[in-house]
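A short worksheet on the structure shown next.
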Number of protein chains: 2
Amino acid sequence: MNATIAVVEDEEDILELIEYHLEKEGYESIGFLSTKNLSSVLEEEKIDLLIMDRNLPGTEGSEFVAALRAKGINTPVIYLTAKNKESDIEEGFVSGGDDYITKPFNIKELMLRIKALLKRTQTNTTEGCLRYRDITLNLGSREVHIEETPIDLTKLEFDLLCTLINNQNIVLSREYLLDHVWGTDEIFQDRTVNVAINRLKEKIDPDKSKEYIKTVRGVGYTLC
Amino acid sequence: MNATIAVVEDEEDILELIEYHLEKEGYESIGFLSTKNLSSVLEEEKIDLLIMDRNLPGTEGSEFVAALRAKGINTPVIYLTAKNKESDIEEGFVSGGDDYITKPFNIKELMLRIKALLKRTQTNTTEGCLRYRDITLNLGSREVHIEETPIDLTKLEFDLLCTLINNQNIVLSREYLLDHVWGTDEIFQDRTVNVAINRLKEKIDPDKSKEYIKTVRGVGYTLC
DNA sequence: ACCCCTTGTGATTTTATTATAACACAAGAT
DNA sequence: ATCTTGTGTTATAATAAAATCACAAGGGGT
């Protein structure tokens, strides 16, 4: 779920510094000392952001990016460079860079620019997630994953699970669940909740090994 | 068609300098010496970008932006400031800034950052192509291609597809679609959306083999 | 004015979901 | 041990939702 960031920098200690900070911030990082092998990785792996030194031996970083764009690869790029003459800045932006930072740079500023850029480009995939143990609910896409494997839930099951997660450690009565998940107007039987809970259990824990949902006899159900 | 940019800067000569260059680049510019009146303009006019000094007398620029975001106004912001301590940079980004440039600044770099930021934010509204899998929408000519073969879509179908692509992985309710694709004033029935979606499906995937649009029962439709 | 295209709505069919009933089982209570 | 009560399970019926079809009311364009 975390963003994956590729870094191209020929100075090894700077590369290590950046990778260290990226991982500290929780990103996946892949370092390169040159643009060699980079193309194939960008095409095959899901890279969310590219940090590119422009003063590479051999190919100019910006030429490389221009070639990427021509191939239809639109990974956002932050340039990292010692150059700061106007013409260089311009060239960097023109060839499809999304941001630009000059050496010597403040590592914290770089991290913040990364964060800001990812926020813009990653739209809504990471936000709005509810988690419980190894279950992840994406509220926007309404996708449910258990340890990376997707699970199909109906609207009712999804809403029910949301309510349970949002009230962890609280035992929810059938009456409460009928009110909050089903809606207030119509009247249903308490049994209805049982069956819905069981169907949900069956989907999220078919082997009955995880015991996500605990039933509290005479009261209701809870997640703890 | 040209972007409209609002500039807030209390030093009159700097404000004039920026406005001069903005207009030279072909943007519409609106200058402000303080955040007074700015809110109403942002709400009423279509402002594509806000350039904001943070060292304003009275309100802090970043506080003002935070307030904007709280109101749901998401105009992109470039901060312009003499401050450069880490904590200030951080505060600027956190409160919803999209870029940050410190005084004394290179006016050309500012122009380039403006261009880059507009490119990122305006892609989906004005120029360029939208892509989804093998579908390409040309937003200017409103042409649609699926793997090089052209497809004829009506205005409604085109707008609907745009909205779906711009909200990939998010399940859009019929209500949301009626609001955003049809427009707010008139009232239509939910099933109107069904029919429009089906007509769109029929055009972009007559054999029903691609399954571009997924219907999420009880919720709405999504593209994933 | 005419025709054609678009599109909103009604009617109908098809599908998926879910409420309920009926039964089975387990844990306490008597 | 047996009865009672609550819950799990399964099957079936009811229902809600969506797809599909058909038609008619606008809206442009010629």
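Convention: sequence-line order gives letters A, B, ...; per-chain numbering from 1.
Shown are B:Asp190, B:Asp179, B:Asn194; of these, the side chain to side chain donor-acceptor pair (under 3.5 Å) with B:Arg174 is made only by B:Asn194. Each of A:Arg199, A:Lys201, A:Lys203 was evaluated against A:Glu157; a single residue qualifies, A:Lys203, per the side chain to side chain donor-acceptor pair (under 3.5 Å) test.
A:Asn194 has its CG atom 18 Å from the P atom of C:dA24, to the nearest Å. Between B:Lys155 atom NZ and C:dC5 atom C1' there is a gap of 15 Å when expressed in whole angstrom units. Atom CZ in A:Arg174 sits about 12 Å away from atom C1' in D:dT5, given to the nearest Å. Taking atom CG on A:Leu160 and atom C1' on C:dT18, their separation rounds to 12 Å, with Å as the unit. Rounded to an integer number of Å, the gap from B:Trp182 CH2 to C:dT6 P is 15 Å. Here C:dT6 presents its C1' atom at 14 Å from CZ of B:Arg142, a figure rounded to the nearest Å. Between B:Asn198 atom CG and D:dA17 atom C1' there is a gap of 12 Å when expressed in whole angstrom units.
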Where do N or O atoms of nucleotides 25-30 of chain C meet protein N or O atoms at under 3.5 Å, pair by pair?
none

Distances for protein N/O vs nucleotides 26-28 of chain D N/O pairs under 3.5 angstrom?
none

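Taking side-chain N and O atoms only, B:Lys214 has no distance below 4.0 Å to OP1 or OP2 of D:dA18.
Looking at heavy-atom distances under 4.0 Å, A:Val193 makes no contact with the nucleic acid at all.
Here the side chains of A:Ile187 and A:Trp182 are not in contact, with every heavy-atom distance at 4.5 Å or above.
For C:dA19, its base sits under 3.5 Å from the side chain of A:Arg199 at one donor and acceptor pair at least.
The closest side-chain donor-acceptor pair between A:Asp134 and A:Tyr212 falls under 3.5 angstrom.
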